[in-house]
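Note that the coordinates shown come from a computational prediction; the quantities given were computed from them, not determined experimentally. All heavy atoms count here, side chains included; hydrogens, waters and symmetry mates do not. Every chain is numbered from 1, with letters handed out A, B, ... down the list of sequences.
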2 protein chains.
Amino acid sequence: MVEQKIRLSVDAVVFGYEEGVISVLLIKRKYDPFKGKWAIPGGFVLNNESLETAVERELQEETGVKINYLEQLYTFGDVERDPRGRVVTVAYVGLVRPNTFKIFASTDASQVQWFTIDKLPELSFDHQKILHTAIARLQAKITYEPIGFELLDKKFPFSDLEKLYTTLLGRPIDRRNFRKKILGLNVLDELDKKVSKGSGRPANLFQFNQKRYFQLKKEGIIFEI
Amino acid sequence: MVEQKIRLSVDAVVFGYEEGVISVLLIKRKYDPFKGKWAIPGGFVLNNESLETAVERELQEETGVKINYLEQLYTFGDVERDPRGRVVTVAYVGLVRPNTFKIFASTDASQVQWFTIDKLPELSFDHQKILHTAIARLQAKITYEPIGFELLDKKFPFSDLEKLYTTLLGRPIDRRNFRKKILGLNVLDELDKKVSKGSGRPANLFQFNQKRYFQLKKEGIIFEI
DNA sequence: CCATATTGTGTATAGTGTACACAAATATAG
DNA sequence: CTATATTTGTGTACACTATACACAATATGG
């Protein structure tokens, strides 16, 4: 058998959410190929690190991001996807709270920037395909797993959650029914604190109760919007 | 940077269904490591073939199976998963109609055999984990994608479909409601033919209409059990 | 204090899911 | 040939869930 000449990389589509806008974290490539073009952060896997570790390391190195939630998306292995030769990449989806750290470019990245998902620049490699797959996954998944909370502050007013869902699903949601449904799932704790931003009645803060969620999940109760 | 020493393989969990029994196709390994032990069929990816091609080739080589439906499952990359060194594997799920071909062992396999999924032998590598992931995927997916038909003959009596679902979901289904729901989805053509096996009233044959399914899917109508 | 903005809340109706039983058409045993 | 067993095919009533919808409460800003 001929020696295998396939290299393995990981890439991470990192989503963030702030004030009604979903963004994705991209880097500007410092080196060829695609030097000066935007790309999903990622890089080659080291011999003795797991795929998840590789993703977290590359993200830390290139962007300064510390990931909050990470899941494997899909493995892209088209023969011609990388001009340097055969590179198979395991893509991940990450969720972060952008306000909890500062991004900075380093190593392979000359710039790091948040792009709102409907104003994306041209991307390197097959990264557009990966990004679209990631968006589809995120949209599908928030309807049956409580991952939306990973994008919000730990304590959030209900309207934030509602705005997140309308944004992600791209369609209006009935405010009363949505609230009824989510609260009916019994995975949110209502706090005593209130918060007011600008004018309007102050909102109660809520917090996702992960422990209760796992308990309910074990009992077979499913999260569904 | 140190040279990357990671090898890439593909594996396929192939499911078949016959007469109320879900089986999975396993091979007995001819060579070390795990010589003489059962394993999921698979092997190393060639430099110039896509991942899907690699799966199909390995399956053909080792078992003689021609796959009917194939989807990527998950990529397993634990550092210690292969005693030969670092091997990352992209696992796939395949569905076949076992009665449409004859299996035979060759190349790396000394034996090929169908195992019913509740009587599995001890497996090599992390293949048990992969297999369980695949079973979970199959169970979940038949409830929201019409993949069950890939396991049945092209023309089938309704009771076959019903039995497949009760088997896969592991719980009884109300016969009338199930029929109502499936036929209401409007993706089955009722044929004029009848078939009788043993005693009992002969059954009408049905056929999955893929074209209509894709049409409906495009219109936003979703398959759901 | 008045206008504006945002949060918080209940009910009626339509639609969907679920439980349930018996007749029709064949094979088989006697 | 007849009786029995076996499998298919079908409808309705009820419970539950999803959906549509409007107004009062509490703040801010001029």
Between [options], which is the residue that forms a side-chain contact (heavy atoms from CB on, under 4.5 Å) with [X]?
X         : options                                : result
Glu150(B) : Asn68(B), Ile67(B), Leu70(B)           : Asn68(B)
Tyr92(B)  : Val14(B), Leu51(B), Leu73(B), Leu59(B) : Leu51(B)
Leu26(A)  : Leu123(A), Val112(A), Val13(A)         : Leu123(A)

Closer than 4.0 Å, any side-chain N/O of Ser159(A) to the OP1 or OP2 of dT7(C)?
-> yes

State whether Lys197(A) places a side-chain N or O below 4.0 Å from either non-bridging phosphate oxygen (OP1 or OP2) of dT6(C).
-> no

Please tell me which of Lys194(B) and Glu224(B) maps to the more 5' nucleotide of DNA chain C, matching each residue to the nucleotide holding its nearest heavy atom.
-> Glu224(B)

Contact nearer the 5' end of DNA chain C, comparing Ala203(A) with Lys180(A) = Ala203(A)

Counting only distance, no hydrogens or angles, is the base of dA24(D) paired donor-acceptor with the side chain of Arg201(A) under 3.5 Å?
-> no

Quick one: sort the Phe208(A) and Tyr213(A) rings into parallel, tilted or perpendicular, breaks at 30° and 60°.
-> tilted

Expressed in angstrom and rounded to an integer, what is the separation of [X] atom [atom1] from [N] atom [atom2]?
X         : N       : atom1 : atom2 : answer
Asn177(B) : dG15(C) : CG    : C1'   : 15 Å
Arg171(A) : dA20(D) : CZ    : P     : 11 Å
Leu161(B) : dG9(D)  : CG    : P     : 12 Å
Arg179(B) : dT7(D)  : CZ    : C1'   : 12 Å
Arg175(B) : dA24(C) : CZ    : P     : 15 Å
Ile182(A) : dT9(C)  : CD1   : C1'   : 17 Å
Asp174(A) : dT11(C) : CG    : C1'   : 13 Å
Glu162(A) : dT6(C)  : CD    : C1'   : 11 Å

Minimum-distance nucleotide (side-chain atoms of Arg176(B) versus dG9(D), dC20(C), dT6(D)) | dC20(C)

Divergence of helical axes at both termini of the helix from dC1(C)-dG30(D) to dG30(C)-dC1(D) - five pairs an end, 10° steps | 10°

Does the cation-pi check pass for Arg81(B) over Phe76(B), that is, NZ or CZ under 6.0 Å from the six-membered ring centre and within 45° of its axis?
-> no

Are Arg97(A) and Tyr17(A) in a cation-pi contact, defined as NZ or CZ under 6.0 Å from the six-membered ring centre and within 45° of the axis?
-> no

Taking every non-hydrogen atom, the tightest pair across Pro41(A) and Ile27(A) | CB-CG2, 4.1 Å

